[in-house]
Peer 1: 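One structure, pasted below without further comment.
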Number of protein chains: 2
Amino acid sequence: MNFPNRKRIILQTVEEKGSVEVKELAELIQTSEITIRRDLTAMAADGLIYRTHGGAMKVGLAINPVQFANKTAVNSENKDYICRLAAQEINEGDIIFMDCGSTVFRLCQFIRNKRIQLITNSLPVVNELLDSEVKVNLVGGEVDSKRQAVHGLIANEHVARYRAHKAFLGVDGISAQHGLSAHSESEAGMTLAMASQADAVYMLCDSTKLEKDKYFHFAPLSLIQVIVTDQAANPDVLELYRERGVRIVN
Amino acid sequence: MNFPNRKRIILQTVEEKGSVEVKELAELIQTSEITIRRDLTAMAADGLIYRTHGGAMKVGLAINPVQFANKTAVNSENKDYICRLAAQEINEGDIIFMDCGSTVFRLCQFIRNKRIQLITNSLPVVNELLDSEVKVNLVGGEVDSKRQAVHGLIANEHVARYRAHKAFLGVDGISAQHGLSAHSESEAGMTLAMASQADAVYMLCDSTKLEKDKYFHFAPLSLIQVIVTDQAANPDVLELYRERGVRIVN
DNA sequence: TGCAATTCGCTCAAGAATAATCAAAATCAA
DNA sequence: TTGATTTTGATTATTCTTGAGCGAATTGCA
C-alpha cells in the first residue's frame with residue numbers, strides 16, 4: 001500500500017467520521033503507526049486535515065480550499081474590526097477596488113449585501129463574493145499562485161481602464177516619513193494602479209504595520225487619503241499621519 | 001506486444017481497479033517490470049495516469065480523492081475519455097486556451113504536470129490549476145457568477161491580445177450543416193474570441209451533442225479543426241464532419 | 001502541581017522501487 | 001541483405017519508503 005492510496009483512505013475516513021486516531025488508521029490500513037503519523041503530518045502540511053494529538057480531524061474548508069482562510073486567522077479580531085469600519089465607508093452604488101491582501105479579504109463578509117460594483121485582482125475575494133449582491137469585475141493577467149491573485153503588466157493595464165470611487169488596499173509597511181513599502185514589486189504595481197484610478201484611497205492596515213518600513217518603497221504617503229486601523233494603534237503615531245493630511249478611521 | 005497495445009491494457013486496468021502495481025501489470029502483460037515502468041512514466045508524462053511508487057493510480061482518485069465519491073457528474077466517464085485524448089494533443093511549451101465548459105474543466109486533471117501556458121476565463125479551472133506546473137493567465141472582465149466565469153466585451157478584448165497554439169472549447173450544440181450553436185450569446189462571444197486567436201481549435205463534445213442545434217447559431221463548422229468525442233458517437237455522423245475537413249479524435 | 005502514560009519526531013538501517021547505463025533483440029528503410 | 005534506429009532487458013547505483021528504537025514533548029489523571 002502506497003502513500004496516495006493511504007491518503008485517499010485516510011481522507012475518506014476523516015470525512016466520514018469527523019475525527020480519527022492513529023491506531024485506528026494503522027489497524028485499518030494494516031501498517032505501522034509511524035507511517036500513519038508521517039502521512040498525517042504530510043497531509044496536515046497540505047491543509048487537508050487538522051492534526052491532533054493521537055490522530056486527525058476534519059478541517060471545514062480543507063477540501064475545496066481557499067487556503068487563505070487559515071492565513072486570515074492571524075490578528076483576526078483586529079482585522080474584522082478594521083473591515084467593519086471600512087465597510088461603513090461604502091455606499092450603495094459605489095464602484096470600488098480591492099486588492100489581494102489578507103486584511104482586505106475579510107472585508108468581503110461585510111459587503112456581501114451591498115449593491116456595489118467591485119474590481120479586484122484577488123481570487124479568494126471573487127470566490128467569496130460569487131453568490132452575493134456585489135457585481136464583480138476580475139482583473140485579467142498572469143495568475144500568481146502563491147498569492148492567489150492576478151498581477152503583472154496586463155493586470156495593471158486592465159485596472160487603468162476603470163475608474164472607481166474608492167480603493168481598499170493593503171500594504172506590507174507604512175510610515176509617515178517614507179510612505180508605502182512592500183515585500184514585492186508586483187504587488188506594489190497593483191497598489192499603484194488601483195490607487196491612481198480611485199477618487200479616495202483607503203489603506204487597511206492593522207496597527208502592527210504602522211511605522212514599519214519594508215525593503216521596497218514605492219509611493220509617498222500622499223498617495224492615500226484614509227488609513228483604517230485598529231484601536232491598539234498608538235495615538236501619537238496616528239497624529240503623525242493626521243499632520244500629513246491623512247484621515248484616520250479607528 | 002507493442003507500446004500502444006500495452007498502453008491500452010494499462011489504461012483499462014487502471015480505470016477498472018483504480019490503482020495497480022508494476023508487478024501486477026508485468027505479470028498480466030507478460031513483460032519485464034522495467035518495461036512497465038517505462039510505459040507508466042511515459043503515460044504519466046501525458047497525464048493519462050498518476051504515477052505512484054510501485055505502480056500507478058487513476059488521475060481523478062489521486063487529485064481529489066474525496067470529491068470523487070459524492071460527485072456524480074453527468075456523463076463523467078465519457079468526459080474523462082474525451083479529455084484523456086485531448087490531453088495527448090498538448091505538448092510541453094504549448095500555449096492553449098480553455099473556456100468554461102464542464103467537459104473542458106475535466107481536462108485540468110490531465111494537464112497538471114505539463115509545462116504549458118494556459119489562458120482561460122473559467123474560475124474553477126484557475127482554482128484547479130493553482131498549484132500545478134501550468135502557468136495560468138486569467139481573462140479579465142465581468143464575472144458571471146452562475147457560470148463561474150468571466151465574459152463580456154472586456155473579456156473578449158483581453159483574449160484578443162493573446163495568440164495560442166491550440167484552443168480547447170466546449171459548445172452546446174454542433175451540426176455538420178449549421179455549425180456551432182449555444183444557449184447564450186456571451187458564451188458564444190468567448191468561443192469566437194478564443195477560436196480566432198488559436199492556430200488549431202479543438203471542440204470537446206460528448207457524442208450527445210453531435211448533430212444538435214441550439215437556439216443561437218454563431219459560427220460555421222469551418223471555425224474548428226478538430227472534434228474530440230467519445231466512442232459512443234455514430235460513425236456515420238462522424239463521417240459527415242470528416243467530409244467537411246474536420247479531424248475526428250475518438 | 002506533579003507523575004505516568006501516550007504520543008511525537010528524529011535518526012538509522014533494511015528493503016523495495018527507480019533511474020541510468022549499456023547490451024541484446026527487434027524493427028525498419030534502403 | 002546491411003546498416004541504422006527503436007525497443008526491450010539486465011545490471012548497478014541511487015533514491016524512496018518503511019519500520020524500529022529512543023529521547024523529548026504532550027496529555028490525562030490524581
Side-chain angles (χ1 to χ4, degrees), chain A residues 1-59 62 70 73-74, chain B residues 1-59 61-65 88-89 91-93 110 112-115 131-133:
Chain A
M1 173 81 70
N2 48 24
F3 177 53
N5 269 311
R6 288 198 305 273
K7 180 174 168 181
R8 193 166 49 86
I9 295 174
I10 292 172
L11 265 180
Q12 205 170 326
T13 313
V14 170
E15 204 59 23
E16 274 172 20
K17 311 178 64 166
S19 76
V20 285
E21 290 180 12
V22 173
K23 279 187 180 174
E24 193 184 337
L25 289 171
E27 176 78 12
L28 177 68
I29 304 185
Q30 285 294 307
T31 182
S32 69
E33 296 184 18
I34 178 69
T35 299
I36 297 294
R37 270 201 290 275
R38 273 195 273 245
D39 290 351
L40 295 183
T41 308
M43 291 167 66
D46 289 345
L48 293 171
I49 54 173
Y50 191 83
R51 188 76 164 90
T52 65
H53 259 256
M57 282 179 63
K58 180 170 159 179
V59 45
N70 309 336
V74 196
Chain B
M1 171 83 67
N2 50 18
F3 179 52
N5 266 316
R6 290 199 306 273
K7 188 170 167 181
R8 191 172 46 78
I9 295 175
I10 292 172
L11 259 182
Q12 196 178 327
T13 313
V14 169
E15 203 61 25
E16 273 172 21
K17 309 181 64 167
S19 79
V20 285
E21 291 180 11
V22 172
K23 281 184 180 173
E24 195 184 335
L25 289 171
E27 175 81 11
L28 176 69
I29 305 185
Q30 284 295 308
T31 182
S32 68
E33 296 185 18
I34 179 71
T35 299
I36 297 294
R37 252 183 248 121
R38 273 194 273 247
D39 290 352
L40 295 184
T41 308
M43 292 167 69
D46 285 346
L48 295 175
I49 55 173
Y50 184 86
R51 189 77 163 89
T52 67
H53 253 251
M57 285 180 73
K58 218 164 137 173
V59 176
L61 279 182
I63 303 300
N64 36 18
Q88 292 185 71
E89 304 275 328
N91 308 314
E92 297 274 303
F110 299 108
R112 295 191 113 259
N113 299 314
K114 292 180 189 272
R115 272 197 295 277
D131 293 308
S132 73
E133 290 293 316

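Residue numbering restarts at 1 for every chain, and letters A, B, ... go by the order of the sequence lines. This structure is a prediction, so every number in the text was calculated from the model and none was measured. Computed from heavy atoms alone, side chains included, the values below leave out hydrogens, waters and symmetry copies.
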Peer 1: Write down the distance between NE2 (His53(A)) and C1' (dA24(D)), rounded to a whole number of angstrom.
Peer 2: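 Taking atom C1' of dA24(D) as the reference, NE2 of His53(A) is at 11 Å.
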Peer 1: Calculate the interatomic distance between Lys23(B) atom NZ and dG15(C) atom P; express it in whole Å.
Peer 2: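 Distance check: Lys23(B) NZ to dG15(C) P gives 14 Å.
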Peer 1: Tell me the interatomic distance from Arg6(B), atom CZ, to dG9(D), atom C1', rounded to whole angstroms.
Peer 2: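 Atom-to-atom, Arg6(B) to dG9(D), this comes out as 12 Å.
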Peer 1: Which residue, Asp39(A) or Thr31(B), contacts DNA chain D at a nucleotide closer to its 5' end, judged by nearest heavy atom?
Peer 2: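 Closer to the 5' end of DNA chain D: Thr31(B).
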Peer 1: Provide, to the nearest angstrom, the distance between the CD1 atom belonging to Ile34(B) and the P atom belonging to dA24(C).
Peer 2: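 Answer to the nearest Å: 17 Å.
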Peer 1: Whole-Å distance between dG15(C) C1' and Asn2(A) CG?
Peer 2: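 Whole-Å distance recorded here is 16 Å.
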Peer 1: Starting from P on dA19(C), measure out to CD1 on Ile36(B) and report it in whole angstrom.
Peer 2: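 Taking atom P of dA19(C) as the reference, CD1 of Ile36(B) is at 14 Å.
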Peer 1: With respect to the phosphate group of dG9(D), does any side-chain polar atom (N or O) of Thr35(B) fall under 4.0 Å of OP1 or OP2?
Peer 2: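 Yes, within the criterion.
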Peer 1: Are Glu33(B) and Arg37(B) ion-paired here, with the side-chain N under 4.0 Å from a carboxylate O?
Peer 2: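 Yes, charged N to carboxylate O under 4.0 Å.
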Peer 1: Please report, rounded to the nearest Å, how far the P atom of dG9(D) is from the CD atom of Glu33(B).
Peer 2: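 Spelled out: CD on Glu33(B) to P on dG9(D) is 11 Å.
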Peer 1: Quick one, Leu28(B) with Ile9(B), criterion side chain to side chain contact (heavy atoms under 4.5 Å, CB included). Give me CA distance, side-chain angles, the key distance, then yes/no.
Peer 2: CA-CA 9 Å; Leu28(B) 176 69; Ile9(B) 295 175; 3.9 Å; yes
Peer 1: What is the distance, rounded to the nearest whole Å, between atom CZ of Arg37(A) and atom C1' of dC10(C)?
Peer 2: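 Rounded to whole Å, this separation is 12 Å.
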Peer 1: Between Arg38(A) and Phe3(B), name the one whose nearest nucleotide on DNA chain D is closer to the 5' end.
Peer 2: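 Comparing both residues, the 5'-ward one is Phe3(B).
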Peer 1: Just wondering, are more than 12 heavy atoms of other shown residues or ligands nearer than 6.0 Å to OH in Tyr50(A)?
Peer 2: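 Result for OH/Tyr50(A): open.
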Peer 1: I'd like to know if Glu133(B) pairs up with Arg112(B) as an ion pair, taking the criterion as any Lys NZ or Arg NE/NH1/NH2 lying under 4.0 Å from an Asp or Glu carboxylate oxygen.
Peer 2: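 Answer for the salt bridge query: no.
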Peer 1: Of Gly55(A) and Gly54(B), whose closest DNA chain C nucleotide lies nearer the 5' terminus?
Peer 2: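 Looking at the nearest nucleotide for each, Gly55(A) comes out on the 5' side.
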